[in-house]
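This report refers to the structure that appears directly beneath it.
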Amino acid sequence: MTKAKVRQMAENILAEATKAAKKGPPPVHLWNPPYCGEMDMRIARDGTWFHEGSPIGRAPMVRLFASILKLEEGRFYLVTPVEKLGITVEDAPFVAVDFTVENGVVEFVTNVEDRVVLGPEHGLRMEGGAPYVMVRRGLEARVDRKSFYRLMELGEVEGEWFGVRSSGVFFPVMRAAELG
């Protein structure tokens, strides 16, 4: 596929996403368009979005692309009702950059301004020493270091585990015996 064709498809996706965003969050989980190829778009581990090797500096555009991101069978795609383009994600597509706590409920905010209440539907998991929180439909945010350290200050021991409680759910982080 030529660069011109991919660029045209990217412009089509952007136009469709812009229209959909005016009506609320796009129902990407309902969209199953045909696969149209790969797009030279990458989400770096730090949450920076790149297109054709250059960072996308416009936050509204990044949020728009994030709203049409879909995970299918371990692959990430930007989708509209009529097109689906594969993109590269180095780690998680989002980064949880802060959180608040109120009445025993932890609410994260991501780099694309999603708000996620840690609880039964939006769990916290650890992988390779890194914490991840579920954002939506299989899409996760890696919790940044400063937020994770603050979160651990709220931790408690339950049985053999040290972890965090939110919305009445305990999320284990490490074995209590590993605490220093």
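The structure presented is a predicted model; accordingly, all values stated were derived computationally and were not measured. In what follows, residues are counted from 1 in the order of the sequence shown.
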Without swapping roles, check the side chain of [X] against the backbone of [Y] for a donor-acceptor pair under 3.5 Å.
X      : Y      : value
Lys70  : Val28  : yes
Thr110 : Phe94  : no
Lys146 : Val97  : yes
Ser167 : Val169 : no

Ignoring hydrogens, what is the shortest heavy-atom contact between [X] and [Y]? Give both atom names and the distance.
X      : Y     : value
Gly53  : Asp40 : N-OD2, 4.2 Å
Asn111 : Gly47 : ND2-O, 3.3 Å
Gly86  : Tyr35 : N-CE1, 4.1 Å
Pro33  : Pro81 : CB-O, 3.6 Å
Ala141 : Ala96 : CB-N, 3.6 Å
Ile87  : Glu38 : N-OE1, 4.0 Å

With Ile56 via side chain to side chain contact (heavy atoms under 4.5 Å, CB included) - residues at least two apart: Met41, Trp49, His51, Met61, Val62, Phe65
Enter the distance from [X]:[atom1] to [Y]:[atom2] here, rounded to the nearest 0.5 Å.
X      : Y      : atom1 : atom2 : value
Arg136 : Ser67  : CZ    : OG    : 7.0 Å
Leu78  : Cys36  : CG    : SG    : 11.5 Å
Phe76  : Met39  : CZ    : CE    : 16.0 Å
Arg115 : His122 : CZ    : NE2   : 13.5 Å

Close side-chain approach of [X] and [Y], heavy atoms under 4.5 Å:
X      : Y      : result
Pro26  : Trp31  : yes
Met152 : Val164 : yes
Val143 : Leu124 : yes
Leu71  : Val89  : no
Arg150 : Asp98  : yes
Pro131 : Met126 : yes

Tell me, which pairs form a side chain to side chain donor-acceptor pair (under 3.5 Å) where one or both residues lie in residues 86-97, sequence neighbours left out? Arg42-Glu90, Asp91-Tyr132, Asp91-Arg142
Same cluster (ILVMFWY, side-chain, under 4.5 Å), [X] and [Y]:
X      : Y      : result
Leu154 : Val109 : no
Val157 : Trp161 : no
Val133 : Val105 : no
Val95  : Val112 : no
Phe170 : Phe148 : no

Between Leu179 and Met174, is a side chain to side chain contact (heavy atoms under 4.5 Å, CB included) present by the stated rule, with each step listed? CA-CA 8 Å; Leu179 293 172; Met174 64 177 20; 3.5 Å; yes
For Phe99, ring-ring contact (aromatic ring centres under 6.0 Å, His included) partners two or more places apart: Phe108
